[in-house]
There are 4 protein chains.
Amino acid sequence: MKSSTGIETKRKILDATFQLMADKGFDALSIDDIMTSIGRTKGSFYVHFKSKEELLYEVMRTRLDRGHDRMTEEIPKELTKDKCNVRAILEKVIAEIHAILGNDRLTWAFAYYHLLIHSRKDEFVRVWLEANADQWSTFLNIIVKRGQELGQIRTDVDTQTITNMLMGIVVGYDILFMVKPQIDVSEVYHIHDWMFVNDPSSKDE
Amino acid sequence: MKSSTGIETKRKILDATFQLMADKGFDALSIDDIMTSIGRTKGSFYVHFKSKEELLYEVMRTRLDRGHDRMTEEIPKELTKDKCNVRAILEKVIAEIHAILGNDRLTWAFAYYHLLIHSRKDEFVRVWLEANADQWSTFLNIIVKRGQELGQIRTDVDTQTITNMLMGIVVGYDILFMVKPQIDVSEVYHIHDWMFVNDPSSKDE
Amino acid sequence: MKSSTGIETKRKILDATFQLMADKGFDALSIDDIMTSIGRTKGSFYVHFKSKEELLYEVMRTRLDRGHDRMTEEIPKELTKDKCNVRAILEKVIAEIHAILGNDRLTWAFAYYHLLIHSRKDEFVRVWLEANADQWSTFLNIIVKRGQELGQIRTDVDTQTITNMLMGIVVGYDILFMVKPQIDVSEVYHIHDWMFVNDPSSKDE
Amino acid sequence: MKSSTGIETKRKILDATFQLMADKGFDALSIDDIMTSIGRTKGSFYVHFKSKEELLYEVMRTRLDRGHDRMTEEIPKELTKDKCNVRAILEKVIAEIHAILGNDRLTWAFAYYHLLIHSRKDEFVRVWLEANADQWSTFLNIIVKRGQELGQIRTDVDTQTITNMLMGIVVGYDILFMVKPQIDVSEVYHIHDWMFVNDPSSKDE
DNA sequence: GATGAATGAGAGTTCATTCAT
DNA sequence: AATGAATGAACTCTCATTCAT
């Protein structure tokens, strides 16, 4: 097993790290754990990464950054349409997030909270997390504002506040889910009953 | 300072651990860190605790369990009153939580998420967290149900779902607060605009 | 073997390091080597030193700094005497150095040259070495100048140049000694035949 | 730059190693350092050398052995002349050494002392160093003896002792120069004032 | 000739834990 | 109740060396 593609091994390391991170957290995860799990030895880790820290950054870049980009292109286009259904769009967004997370939901949640904790001692991670949150906030803010303009979303609450609550409840459910995996995450859709006005087409799920 | 009450030192250790946990997390926190911070030496730690693990459990017991008890006695009494204002009660509950957290808000949040992560590898912690969540859930569920009975809280959404959303949004705001400490946590009160029906007395703060 | 005096173990580490340094050099010397040689385990090294680097500095401080101090007190007093024999004084100085080195001559030489090499990458060591050389230079310069004043040392060569040659030949012989341990280091005394003028009482050892 | 002459690359490796040795020492120098510095990769090192050890020997052979050969042919011829000026010859020898060292003086010095230290654990290096010293000693001894025969060099000191002091002071100045690069190495010529008798044409540089 | 992925031994360092004092 | 020396396992990282390509 002397030779394999560098890129392939690197990808395996990134994937394994992401999976294992959720279990033990990044700090408690040893390079030995990672490399053993992909059938390589400790020493060869450093062929692909300069340090464990670099590995973390790469995991964030390749794993957590993606997904967001996929949506920020189409959604804005749909919003500009004259007769658009903001609630439908928002549900699509959330559904797509769910799709991305898929069965890895818990893994993602743990990975994220590990980052959160890691951010305390790592400026780079802290900045990245905040930027990431800002991206989502900006993105959702656009949707909410459009909903208010079209008279579909209530206007008695400030746009940014609604955005914050939207984000808050989504991540909040993640936490509940971490504590009680049997919880029904789709309940989160009920927030729509509250933020959208006179909505005859009842929701499902 | 060679001799002091055992109980006093033990309390100091518990307090210091809680404070330091927020910064570095429980795992990254060394016994040396803790003992140095209270002016004692590493060796004497084991006079008070059998292991680092036991320390964690004691922190949870003495720090995180309390607060809850303080409320679960008075609130139910108020709820049984004929003409009670459920919204006012709920706001009192949240205000009281805020009071408990006080300036340690971030500390609490980090401590909690450390536990969350720790729960992955520690059955004891996992069970405790779930029990803790259940306590709160049960407690809030009672309030919400009473609100619905009195016609103060909307009934088109299931009692437990409203409870879950209530909890979700509260913890969700904590997360947002961890990422962006400049966020206004009191926004969370707006959820009341949504769950309570025809409420003329506008909210505050 | 759980308990011993900290100071005792620390001294053992310093001594062992000095001895072993001569063999393998400081870099090639592992902490395991040192601790095993004194019957302790690697981990306990860090009870006494913060790092391997600190160990090096302490070795320099406690080993290489001493000796010099012993002389710089008496010699100057002797020099101020009206009828002093500078050659005798100089020979005493060199004899005393030899006495300090004793059977550890090779060890000292190797330790010193390891430092020399280490100085390339360690500012602290570089500065220390230069300061150490300056001390000796200043010390010898005083002796030589006094000898010239008294008409005992030739004045056709600059004071500092004589000092430099004196130092040069002493360390030079150390090098020769490293390459060929059978060389007779006491030959170095012949330099006196050259620097001192009309000296009837010839001398070799 | 995929393919080049093997010999060319080998020479590059030898040169780079010599240069880099002075900075970090041979042990601290990694094969990666060397190969990167010449724009090749680690793996190809083993096309040219069997091991790192072999590299060291080759550096010694090709770098440190030369220079000596250049002189040992002409000088003896000059010495046999009836009316030869031994002092002039000796100065020529030293000047030539200086020329060989050139601006690499410090590099040579460090490289040499690394070897010195390396000799402790490597029989081959030890033997080579001793042979090298013997060569120089023999060579200088011939010059000194001839100077004594011609009455140009003092005879009150043993031939070999003068030779040793000559070597000692030359290498001694190298050490001083390592510690204090601002020192004037040409001072070393003053030893001639001492070993040569009634020399009217004084000399400094 | 050159590449670069992989290896495995060993480095310095940290740390929970033990125990004689 | 407190100390601090000692332990040993685990960690991140380095590096000479091998080998399929």
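All values reported here derive from a predicted model rather than from experimental measurement. These values consider heavy atoms only, across backbone and side chains, with no hydrogens, waters or symmetry-generated copies. Naming: A, B, ... by sequence-line order, numbering from 1 per chain.
Following rounding to the nearest Å, F49(A) (CZ) and dG4(E) (P) show an atom-to-atom distance of 17 Å. If you take CD1 of I38(D) and C1' of dA2(E), they are 11 Å apart, rounded to a whole angstrom. The distance between atom CD1 of I13(A) and atom P of dT12(F), rounded to the nearest whole Å, is 13 Å.
You'll find that the side chain of T9(B) is closest to dA2(F), out of dT7(F), dA2(F), dT3(F).
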Fill in the blank from the handout: Encoded 5' to 3' (Watson-Crick or G-U under 3.5 Å; [ ] crossing; | other strand), DNA chain F becomes .||||||||||||||||||||
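Both tests do not hold together for K52(C) against F45(C): distance to the six-membered ring centre under 6.0 Å, angle to the ring axis within 45°.
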Under-3.5 Å N/O pairs linking protein and nucleotides 12-15 of chain E:
{"from": "dG12(E)", "atom 1": "OP1", "to": "L29(C)", "atom 2": "O", "distance (Å)": "3.4"}
{"from": "dG12(E)", "atom 1": "OP1", "to": "K52(C)", "atom 2": "NZ", "distance (Å)": "3.0"}
{"from": "dG12(E)", "atom 1": "OP2", "to": "I31(C)", "atom 2": "N", "distance (Å)": "3.0"}
{"from": "dT13(E)", "atom 1": "OP2", "to": "Y46(C)", "atom 2": "OH", "distance (Å)": "2.7"}
{"from": "dT13(E)", "atom 1": "OP2", "to": "K52(C)", "atom 2": "N", "distance (Å)": "3.0"}
{"from": "dT13(E)", "atom 1": "O5'", "to": "Y46(C)", "atom 2": "OH", "distance (Å)": "3.1"}
{"from": "dT13(E)", "atom 1": "O4", "to": "K42(C)", "atom 2": "NZ", "distance (Å)": "3.4"}

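Aromatic rings from W108(A) and F18(A) are positioned such that their centres are separated by under 6.0 Å.
Here the side chain of D33(A) pairs a donor or acceptor atom with the backbone of S30(A) at under 3.5 angstrom. In this structure, the side chain of R40(D) does not engage the main chain of M35(D) through any donor-acceptor pair within 3.5 Å.
Within the 4.5 Å cutoff, no side-chain heavy atoms of F110(C) are placed close to those of M21(C).
Annotation for L115(D) and V125(D): closest pair O-CG1, 3.6 Å, computed over non-hydrogen atoms.
Considering only residues two or more places apart in sequence or on other chains, E130(D) meets the salt bridge (charged side-chain N to carboxylate O under 4.0 Å, His left out) condition with K180(C).
Between the side chains of D122(A) and Y57(A), at least one donor N or O sits under 3.5 Å from an acceptor N or O.
The phosphate of dG4(F) has neither OP1 nor OP2 within less than 4.0 Å of any side-chain N or O from H48(C).
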